[in-house]
Amino acid sequence: MARELEKVYEPKAVEDRWYKEWVEKGYFHADPAKDGPAFSIVIPPPNVTGVLHMGHALNNTLQDALCRWKRMRGFNVLWMPGTDHAGIATQNVVERQLAAEGTTRHAYGREKFIQRVWQWREESGGTIINQLKRLGASCDWERERFTMDEGLSRSVREVFVRLYEEGLIYRGDYIINWCPRCMTALSDLEVEFEEKPGKLYHLKYPLVDGSGVITVATTRPETMLGDTAVAVNPEDERYRHFIGKRVMLPVSNREIPVIADAYVDPAFGTGAVKITPAHDPNDFEIGLRHNLNRIRVMDDAGKMTEEAGKYAGMDRFECRGKLLLELDQTGVLGTVEEHLHAVGHCYRCRTVIEPAVSKQWFVKVEPLAKEAIKAVREGIPGPDGKIRKINILPKGWENSYFDWMENIRDWCISRQIWWGHRIPAWHCDECGELTVAREDPVVCGKCGSRNIRRDPDVLDTWFSSALWPFSTMGWPDETPELKKYYPTAVLVTAFDILFFWVARMIMMGIHFMEEPPFTDVYIHALVRDAQGQKMSKSKGNVIDPLVMIDKYGTDAFRFTMVAMAAQGRDIKLSEERIEGYRNFCNKIWNAARFVHMNLGDFEATPLKEGDAVSLPDRWIVSRMDAVAAEVDRALTDYRFNDAAGALYQFVWHEFCDWYLELIKPVLYADAGPVKSATLNVLVNVFEGTMRMLHPFMPFITEEVWQSMPLAERDASVMVSKFPEANDAFRNEAAESEMKMVIDIITGIRNIRGEMNIAPSLELAAVVKASSPEVKAFLDAQGNYITKLSRLSGMTVETEVERPKASAVAVTPAAEIYIPLTGVVDIEAEVARLKKEIDKADKEIKPFEAKLANEGFVKKAPPEVLEKTRGIIEELTQKKEKLAEGLKRIEGFKE
RNA sequence: GGGCGGGUAGCUCAGCCGGGAGAGCAACGGCCUUACAAGCCGUAGGUCGUGGGUUCGAUCCCCUCCCCGCCUACCA
């Protein structure tokens with residue numbers, strides 16, 4: 001079935017067609033009732049507002065490679081896809097829309113606003129899913145989930161209620177991070193700190209009894225309006241006599257106490273700290289210890305409250321400026337130091353975060369974290385009593401994980417926004433009690449009053465993501481999916497959501513499923529630009545994966561991702577790399593064209609032991625087997641770049657550069673058993689290579705594989721078997737024989753290249769074989785050499801009279817002489833030989849130095865010693881033979 | 001402040017248990033050789049950040065220092 005293939009690979013013509021076919025045939029669908037050991041992955045759900053960026057592209061390419069590989073290895077694979085409702089981000093998107101229409105969500109009302117968000121989701125929420133499809137992702141789209149859909153919402157509610165009942169969720173007044181722009185509380189993780197040069201203002205607070213002044217230092221002077229104490233270290237001699245006295249707080253003119261607390265570092269600032277329990281986490285703690293009042297001087301919008309007196313209603317930063325003026329004029333302001341400090345920003349909108357006391361919902365994390373630490377450190381027993389251990393790879397990240405988990409603070413889960421899972425708690429206006437329930441209650445659970453209101457807050461989006469590995473499989477019901485696919489095999493993600501998401505999934509998975517949600521956590525790189533900068537829209541250095549896919553094809557793009565995904569290192573991506581792998585696709589394509597051109601009506605049958613007869617056939621079959629083993633091992637270890645590298649090297653430099661060239665004479669000859677045998681090897685190796693490449697380059701491999709004339713075949717390369725290592729195809733002899741051939745051809749090519757001998761000029765060669773065996777081999781297989789090095793003829797002897805005035809190439813197995821008469825000028829060869837001798841000489845030196853070292857000879861292991869001697873022997877011989885050649889040619893010259 | 005990772009060819013990076021420094025791009029020279037010029041053949045290029053130590057032997061292990069990146073932290 002020879003068919004006409006385009007001269008260059010055209011991805012566009014291929015990708016849509018096959019993707020549709022795979023979906024239609026249901027190859028992506030996971031059926032828990034089917035055979036095969038389970039292999040499951042849950043996708044890190046992208047934000048429903050998201051568009052595909054490089055991080056997604058890398059992340060999903062790696063997952064897809066694993067899934068396709070495992071499917072081909074006979075596993076029952078589930079790749080669970082879906083999106084995350086991304087509370088704040090999504091709400092922001094829709095609020096911007098409303099703003100453009102001249103309205104606000106408050107004008108809209110809660111119900112209508114939520115409807116509007118759903119509407120937005122219907123219209124644009126599927127963007128990233130379609131982009132994942134362009135990437136070739138083989139997710140089970142029939143199971144696509146959304147964190148706000150009905151099933152997942154039920155899981156969220158169940159988890160909330162259970163944790164509440166267990167006392168692991170509580171509500172209370174604590175200091176939290178508040179974003180005055182998003183108007184919501186944030187968890188500690190959602191605050192991003194940025195080092196900024198700021199100022200440290202010294203403020204003088206006079207003692208009420210007139211006995212002096214205490215100078216405090218602050219970076220946020222406006223908070224002084226809420227000060228309720230001044231704290232000093234109890235050991236600090238300078239201030240000891242002030243403890244217990246009162247100072248007059250300037251501006252507000254309130255009396256506040258001077259207290260002693262070990263938290264205060266006498267060495268920093270003035271050694272005295274103003275305490276604002278309502279607006280600083282440390283001050284809050286001190287406030288608790290000393291039973292201080294909490295005065296909120298800023299409201300939820302970042303404006304000063306009535307407590308701020310004349311500054312009431314003013315924006316916090318404006319207030320800072322005005323207040324400083326007043327403090328300066330009234331002599332309260334002392335020195336002002338330059339001070340580098342970390343300022344917290346909202347991770348969604350970059351607004352400066354204000355710590356504030358607020359009534360919020362929290363998860364008591366410590367008991368959950370304890371188990372989660374154990375699961376990574378030593379493993380915990382699952383329901384069957386067997387130990388389940390999580391491996392975080394690369395292992396280095398485990399330390400970050402432990403560090404964070406061991407110092408974890410309670411998780412603020414309530415958000416004052418509308419888009420999200422509303423907290424299932426009702427407040428009673430009669431008795432003030434809370435009712436938390438699985439089904440919406442109509443009366444207060446305590447007093448039975450009908451006068452109840454639902455808590456307005458929604459849950460942190462990460463709360464629902466934390467349940468993803470089991471909520472997507474139907475929990476709390478006992479489903480076949482959970483039974484078959486939980487726990488999942490591996491979680492593939494970047495480190496930036498290790499705490500946000502991975503750690504929380506581990507905690508929730510252990511708590512509710514009694515075992516961790518995955519066995520391996522593979523942390524991959526971050527994609528940066530060619531200069532190593534983080535890609536960002538504002539820097540304008542973003543490489544859009546979809547643009548790359550349009551330009552170079554999905555396969556080229558994916559292979560780039562995989563080839564660069566070395567463990568533990570960020571990817572610096574440049575377009576040239578993608579272009580390089582586009583060329584690789586083209587190379588594969590042209591190899592396919594070549595195969596087709598020589599097929600005729602040949603149809604291949606599966607390769608059996610002994611089918612490979614000729615040297616190139618035995619060699620390529622052996623090499624392919626080795627590569628199959630290497631790729632399989634590399635993928636098992638998540639060494640994606642090694643897998644890609646092995647395949648690239650094999651396809652380009654072994655299959656194309658050597659094998660195809662070597663078999664050309666056979667292919668160009670008339671039909672016969674020899675040709676058929678070679679065609680059979682050719683097609684088998686090539687289609688096997690397509691199978692090996694398929695996890696990385698799904699489209700071109702399918703297109704090419706489908707075009708191969710196979711007597712027995714599966715319906716798609718996707719559902720074919722991944723090549724398995726098979727000792728029967730390993731052939732050491734063929735590999736060493738090929739090495740001889742390659743060495744000799746390379747030697748002759750080197751002479752040609754170095755001495756500018758036209759490729760078209762045929763040369764005669766005299767070969768001195770190092771042994772009768774080598775001579776016999778070269779006599780039998782020499783045609784490969786004459787062909788690929790364009791010789792008019794080659795004579796092989798074990799003892800030869802060196803032809804005068806000949807160029808010399810030395811290989812371990814043979815010396816090659818190319819008579820130069822009439823071919824090239826002698827001087828060039830003299831120069832070339834000198835260079836070669838010099839090179840050999842340089843190579844030998846370090847080894848000779850080793851042997852000259854007494855300690856080395858005495859202490860090095862014998863095999864190292866032997867190897868060293870062997871190397872010296874080989875190089876010395878080479879050098880001597882080159883030198884002899886040089887002597888002869890110089891003699892000839894005279 | 002603490003912690004982690006990195007500094008290897010012009011560029012981007014590999015380099016497992018210490019035992020001949022590799023690849024891909026780029027460069028240079030030569031080729032339209034009937035799969036592929038998005039190609040073929042060949043060549044050159046490295047004090048493995050610095051200084052020490054351990055060892056017969058160090059890119060690899062230990063320490064110092066210098067750069068770069070990241071994570072983390074309640075020094076107001």
Side-chain angles (χ1 to χ4, degrees), chain A residues 5 7-9 193 200 216-220 223 231 263-265 267-276 280-286 339 341-342 355 394 396-397 399-400 403-404 407 495-496 498-499 526 528 530 532-534 552 556 563-564 566 568-574 576-577 579-598 639 641-642 645 648-649 656-657 660-661 664 668 746 749-754 756-760 788-790 835 843-844 846-847 849-850 853-861 863-865 867-868 871-872 875:
Chain A
L5 297 179
K7 202 167 175 179
V8 291
Y9 173 58
F193 287 92
L200 191 60
V216 297
T218 181
T219 53
R220 292 150 66 218
T223 60
Y263 155 77
V264 179
D265 175 4
F268 185 86
T270 62
V273 188
K274 59 187 272 316
I275 302 299
T276 323
D280 183 277
N282 301 307
D283 295 4
F284 179 81
E285 294 295 325
I286 291 177
H339 180 64
H341 67 143
W397 290 108
N399 281 333
S400 301
D403 189 55
W404 188 70
N407 298 302
F495 72 85
D496 54 351
L498 183 62
F499 308 141
L526 235 48
R528 300 170 177 283
Q533 302 275 323
K534 214 166 179 172
Y552 300 106
M564 297 185 79
R569 199 189 278 254
D570 285 348
I571 295 179
K572 289 186 199 160
L573 184 71
S574 67
E576 290 83 70
R577 302 303 296 259
E579 195 180 340
Y581 289 111
R582 186 270 316 266
N583 295 352
F584 182 50
C585 289
N586 203 41
K587 190 74 181 173
I588 293 168
W589 187 252
N590 277 292
R593 288 182 63 214
F594 176 78
V595 171
H596 280 291
M597 284 173 174
N598 292 286
R639 288 181 288 113
N641 57 321
D642 289 341
Y648 185 94
Q649 155 71 22
C656 291
D657 286 353
L660 292 184
E661 294 304 324
K664 275 179 180 175
Y668 295 160
T746 305
R749 283 175 176 172
N750 174 281
I751 292 172
R752 274 188 189 276
E754 287 290 278
N756 280 327
I757 300 172
S760 51
L788 292 197
S789 43
R790 290 208 162 211
K835 197 170 99 182
E843 271 187 275
I844 297 170
F847 297 100
K850 273 188 171 186
N853 184 335
E854 208 179 309
F856 176 73
V857 180
K858 244 188 260 173
K859 295 188 179 172
E863 65 271 18
V864 173
L865 209 61
K867 196 182 167 197
T868 306
I871 293 165
I872 293 179
L875 290 172

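First the proteins, then the strands, lettered A, B, ... as listed; each starts at 1.
A side-chain donor-acceptor contact under 3.5 Å links A/N407 to the backbone of A/D403. With A/R752 contributing its side chain and A/A758 its backbone, the two residues share a donor-acceptor pair below 3.5 Å. The closest donor-acceptor contact from the side chain of A/D283 to the backbone of A/T276 lies under 3.5 Å. Judged by distance alone, with hydrogens and angles left aside, the side-chain atoms of A/N586 form a donor-acceptor pair with the main-chain N or O of A/Y9 at under 3.5 Å.
Using a 4.0 Å heavy-atom distance criterion, A/N586 is classed as a base contact. Among the protein residues, A/K587 comes within range of the nucleic acid bases, having at least one heavy atom under 4.0 Å from a base atom. Counting non-hydrogen atoms under 4.0 angstrom, A/E285 reaches nothing in the nucleic acid. Looking at heavy-atom distances under 4.0 Å, A/C585 makes no contact with the nucleic acid at all. Contacts of A/R582 with the nucleic acid, taken as non-hydrogen atoms under 4.0 Å apart, include base atoms. Within 4.0 Å of A/N407, counting heavy atoms only, lies no atom of the nucleic acid at all. Among the heavy atoms of the strands lying under 4.0 Å from A/P861 is at least one base atom, whether or not backbone atoms are also near. No contact: A/E863 has no heavy atom under 4.0 Å from any strand. Within the 4.0 angstrom heavy-atom criterion, base atoms lie near A/L660.
By the salt bridge (charged side-chain N to carboxylate O under 4.0 Å, His left out) test, A/K867 pairs with no residue at all, sequence neighbours left out. By the ring-ring contact (aromatic ring centres under 6.0 Å, His included) test, A/F499 is found to be paired with A/W404, residues two or more places apart in sequence or in another chain being considered. Under the side chain to side chain donor-acceptor pair (under 3.5 Å) criterion, A/D657 pairs with A/H653, not counting sequence neighbours.
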Worked verdict on A/N590 versus A/I588 for side-chain contact (heavy atoms from CB on, under 4.5 Å): CA-CA 5 Å; A/N590 277 292; A/I588 293 168; over 6 Å; no
task: Take A/Y263 and A/E285 through the test side-chain contact (heavy atoms from CB on, under 4.5 Å) and record every step on the way to the result.
output: CA-CA 10 Å; A/Y263 155 77; A/E285 294 295 325; over 6 Å; no
- request: Given side-chain contact (heavy atoms from CB on, under 4.5 Å), test A/I757 with A/I751 step by step and report yes or no.
  value: CA-CA 8 Å; A/I757 300 172; A/I751 292 172; 4.2 Å; yes
message: Does A/F594 form a side-chain contact (heavy atoms from CB on, under 4.5 Å) with A/K664? I'd like the steps, not just the answer.
response: CA-CA 10 Å; A/F594 176 78; A/K664 275 179 180 175; 3.6 Å; yes
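Remark: the separation of the C1' atoms in B/C16 and B/A26 is 30 Å, to the nearest Å. With both ends at atom P, the span from B/A9 to B/U47 equals 9 Å, rounded to whole Å. Rounded to a whole angstrom, the distance from the P atom of B/C61 to that of B/U8 is 16 Å. Taking the P atom of each, B/G19 and B/C4 are spaced 25 Å apart, rounded to whole Å. Between B/A21 and B/G57, the distance separating the two C1' atoms is 16 Å to the nearest Å. Spacing of P atoms, B/G24 relative to B/U43, comes out at 13 Å, to the nearest Å. Nucleotides B/G3 and B/U59, compared at atom C1', are 25 Å apart to the nearest Å. On the P atoms, B/C28 is 41 Å away from B/G18, given to the nearest whole Å.
For A/F499, counting side-chain heavy atoms from C-beta on, the closest listed nucleotide (B/C36, B/U72, B/U12) is B/U72. When the nucleotides B/C36, B/C40, B/G20 are ranked by their closest atom to the side chain of A/E843, B/G20 comes out on top. The nucleotide whose nearest atom lies closest to any side-chain atom of A/F495 is, among B/C71, B/A35, B/G42, B/C71. In the set B/U43, B/A35, B/G19, the nucleotide with an atom closest to the side chain of A/K850 is B/G19. For A/A860, taking side-chain heavy atoms from C-beta onward, the closest of the listed nucleotides B/C41, B/A35, B/G19 is B/G19.
Note that CG of A/L865 is 10.0 Å distant from NZ of A/K850, once rounded to the nearest 0.5 Å. Rounded to the nearest 0.5 angstrom, A/R220 CZ and A/T223 OG1 are separated by 5.5 Å.
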- request: Could you encode protein contacts along nucleotides 24-29 of chain B as a string, one character per nucleotide from 5' to 3', using B for base contact, S for sugar-phosphate-only contact and - for no contact, with a heavy-atom cut-off of under 4.0 Å?
  value: S----S
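Glycosidic conformation at B/C28 (O4'-C1'-N9-C4 for purines, O4'-C1'-N1-C2 for pyrimidines): anti, more than 90° from 0.
Aromatic ring centres of A/Y581 and A/Y648: separated by under 6.0 Å. In summary, the aromatic rings of A/H339 and A/F268 are positioned with their centroids under 6.0 Å apart.
The interatomic distance linking A/K858 (NZ) with B/G57 (C1') rounds to 15 Å, in whole Å. In this structure, A/D642 places its CG atom 7 Å from P of B/G15, rounding to the nearest Å. Remark: C1' of B/G39 and CD1 of A/I588 are 15 Å apart, rounded to the nearest angstrom. If you take CZ of A/R593 and C1' of B/U34, they are 11 Å apart, rounded to a whole angstrom. Spacing between atom CG of A/N399 and atom P of B/G3 amounts to 12 Å, rounded to whole angstrom units.
In this model, the phosphate group of B/A35 is approached by a side-chain N or O of A/K664 to a distance below 4.0 Å at OP1 or OP2. For B/U43, the OP1/OP2 oxygens have a side-chain nitrogen or oxygen of A/N750 closer than 4.0 Å. Residue A/N583 places at least one side-chain N or O closer than 4.0 Å to OP1 or OP2 of B/G39. For B/U33, the OP1/OP2 oxygens have no side-chain nitrogen or oxygen of A/Y668 closer than 4.0 Å.
If you find the closest nucleotide of RNA chain B to A/G855 and to A/V8, the one lying nearer the 5' end belongs to A/V8. Two residues, A/S400 and A/F847, neighbour RNA chain B, and the one matched to the more 5' nucleotide by heavy-atom proximity is A/F847.
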- request: Treat a base pair as Watson-Crick or G-U wobble with both distances under 3.5 Å, then lay out RNA chain B in dot-bracket form, 5' to 3', with | for cross-strand pairs.
  value: (((((((..((((.....[..)))).(((((.......))))).....(.(((..]....))).))))))))....
Interface polar pairs with nucleotides 74-76 of chain B, N/O, under 3.5 angstrom:
residue	atom	partner	partner atom	Å
B/C74	O4'	A/N282	OD1	3.2
B/C74	O4'	A/N282	ND2	3.3
B/C74	O2'	A/N282	ND2	2.7
B/C74	N1	A/N282	OD1	3.0
B/C74	O2	A/N282	OD1	3.3
B/C75	O2	A/D265	OD2	2.7
B/A76	OP2	A/H339	NE2	3.1
B/A76	O2'	A/A217	O	2.9
B/A76	N6	A/D265	O	2.6
B/A76	N6	A/F268	O	2.8
B/A76	N1	A/D265	N	3.2

